[in-house]
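Structure record follows, encoded as structure tokens.
The model shown is predicted, which means the values in this text are computed figures rather than measured ones.
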Amino acid sequence: TELQTQREKRRAIARSGIIRRAFCFTTIGVRESATNCRSSPWHNSNMTDRHDILRTLATGEPVPDTMAHRRLVDEFGLEYTIDGAGLRLKMQLELLDPEFLSKSVTPAAQSQLSRLDIHWTLDSTNRYVLDLANSDDFHGYACLAEQQTSGRGRRGRHWVSPFGKNIYLSVGWVVPADRPLDGLSLAVGTCVANAISSVSMVQVNLKWPNDVLLNGGKTAGILVEIAG
């Protein structure tokens, strides 16, 4: 197909050595509307009973109060209450919905993606993508995670990344080695702001060098890392 042909051309260029520098960027923002996560081939983790329990809890429904369930919610740092119906989370969660995402990606965006994976937990989405820098899928590879255990911000700062409460997204891209990348984080921020503005009436602004603001408050940060 035309989509496969475009992807194969990009991979061939990357392998040829014309492109020698790779960069990875991540966006982190607050999610606003609730949706349930359903099983899909897009989800990169194995489906297990643990994840089924988390999906149930995310909707606000209770599960039996057992030590195994308490350990599970403690593992992900989730606050819960116990009542006559069982164990339930204090707040509903918005889990990533693979089926919804797969249907929402436009043909134009699909032509730029080599693959999109959704993970339950990663140490860092940026680190995960950068580890694939030498693979054929790196250019246009994107991954999301429900949680980061070692999320990174600018200048090596730790980025708090609680489970199911934000968007942790990284994308890998390759560019010619002689192409300047000054202001890239601001360019990525502009794309994020335009995407938000296309579906919302809220005021979106950028703050140098890497913040996206909604109604004056920070809602996302852009971290660009370069290798090669």
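Residues L223 and N210 have side chains not in contact (no heavy-atom distance under 4.5 Å, counting atoms from C-beta outward). R50 has its side chain within reach of E75: a pair of non-hydrogen atoms, C-beta onward, lies under 4.5 Å apart. Counting heavy atoms from C-beta outward, Q112 and W173 have side chains that approach closer than 4.5 Å. Counting only heavy atoms from C-beta outward, the side chains of L113 and V171 never approach each other to under 4.5 Å. Contact check for W120 versus Q147: no side-chain heavy atoms found under the 4.5 Å cut-off. Side-chain contact between L89 and V73 is present, with at least one heavy-atom pair separated by less than 4.5 Å. With contacts defined as side-chain heavy-atom distances shorter than 4.5 Å, the pair L78/L72 does not qualify.
Remark: T81 engages R88, K90 in a side-chain contact (heavy atoms from CB on, under 4.5 Å) (not counting sequence neighbours). N205 meets the side-chain contact (heavy atoms from CB on, under 4.5 Å) test with Q203, L213; sequence neighbours excluded. Taking M67 as the reference, R70, R71 meet the side-chain contact (heavy atoms from CB on, under 4.5 Å) condition, with sequence neighbours excluded. Remark: A187 engages no residue in a side-chain contact (heavy atoms from CB on, under 4.5 Å) (not counting sequence neighbours). Listed by chain and number, the residues in a salt bridge (Lys or Arg N to Asp or Glu O under 4.0 Å) with E61 amount to none (sequence neighbours excluded). Partners of F76 under the ring pair (Phe, Tyr, Trp, His ring centres under 6.0 Å) rule, at least two apart in sequence or in another chain, are F163.
What you find for V204 and S197 is that their closest heavy atoms are CG2-OG, 3.6 Å. S114 approaches D137 most closely through the heavy-atom pair OG-O, 2.5 Å. A pairwise comparison of heavy atoms in L206 and A193 identifies CD2-CB, 4.1 Å as the closest pair. Taking every heavy atom of both residues into account, E146 and L96 meet most closely at OE2-N, 2.7 Å.
Within the 3.5 Å criterion, the main-chain N or O of P98 finds a donor-acceptor partner in the side chain of S102. A donor-acceptor pair under 3.5 Å is absent between the side-chain atoms of E94 and the main chain of K165, judged by distance alone. Using a distance-only test at 3.5 Å, with no hydrogens or angles considered, a donor-acceptor pair links the side chain of Q110 to the main chain of V105. A distance-only check finds no donor-acceptor pair linking the side chain of D65 to the backbone of G86 [under 3.5 Å]. Of the possible donor and acceptor atoms, none in the side chain of Y141 sits under 3.5 Å from a partner among the backbone N and O of S170.
Applying the side-chain hydrogen bond (donor to acceptor under 3.5 Å, both in side chains) test to pairs two or more places apart or on separate chains, none has a residue in residues 185-194. Evaluation of the ring pair (Phe, Tyr, Trp, His ring centres under 6.0 Å) test over residues 181-214, restricted to residues two or more places apart or in two chains, returns none.
A distance of 7.5 Å separates OG in S135 from CZ in R115, rounded to the nearest 0.5 Å. One distance of note links CG of L54 with CG of D49; it measures 11.0 Å at 0.5 Å rounding. For the atom pair L184 CG and I222 CD1, the distance stands at 9.5 Å (nearest 0.5 Å).
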Between Y128 and H119, is a ring-ring contact (aromatic ring centres under 6.0 Å, His included) present by the stated rule, with each step listed?
CA-CA 11 Å; Y128 184 86; H119 300 261; 4.7 Å; yes
Yes or no on side chain to side chain contact (heavy atoms under 4.5 Å, CB included) for L95 and R55, after CA distance, side-chain angles and deciding distance?
CA-CA 8 Å; L95 298 183; R55 291 193 195 94; 4.0 Å; yes
With side chain to side chain contact (heavy atoms under 4.5 Å, CB included) as the test, would you mind laying out the steps for L87 and L57 before giving the verdict?
CA-CA 8 Å; L87 181 152; L57 288 168; 3.9 Å; yes
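Test T121, T125, D123 against Q148 for side-chain hydrogen bond (donor to acceptor under 3.5 Å, both in side chains) and you get one pass: T125. Here the options are L132, L116, L122, L169, the test is side chain to side chain contact (heavy atoms under 4.5 Å, CB included), and the partner is C143; only L122 passes.
Within 6.0 Å of the CG atom in D74, the count of heavy atoms belonging to other residues, nucleotides or ligands exceeds 12.
Residues I82 and M91 do not share a hydrophobic cluster, defined by chaining ILVMFWY side chains whose heavy atoms lie under 4.5 Å apart.
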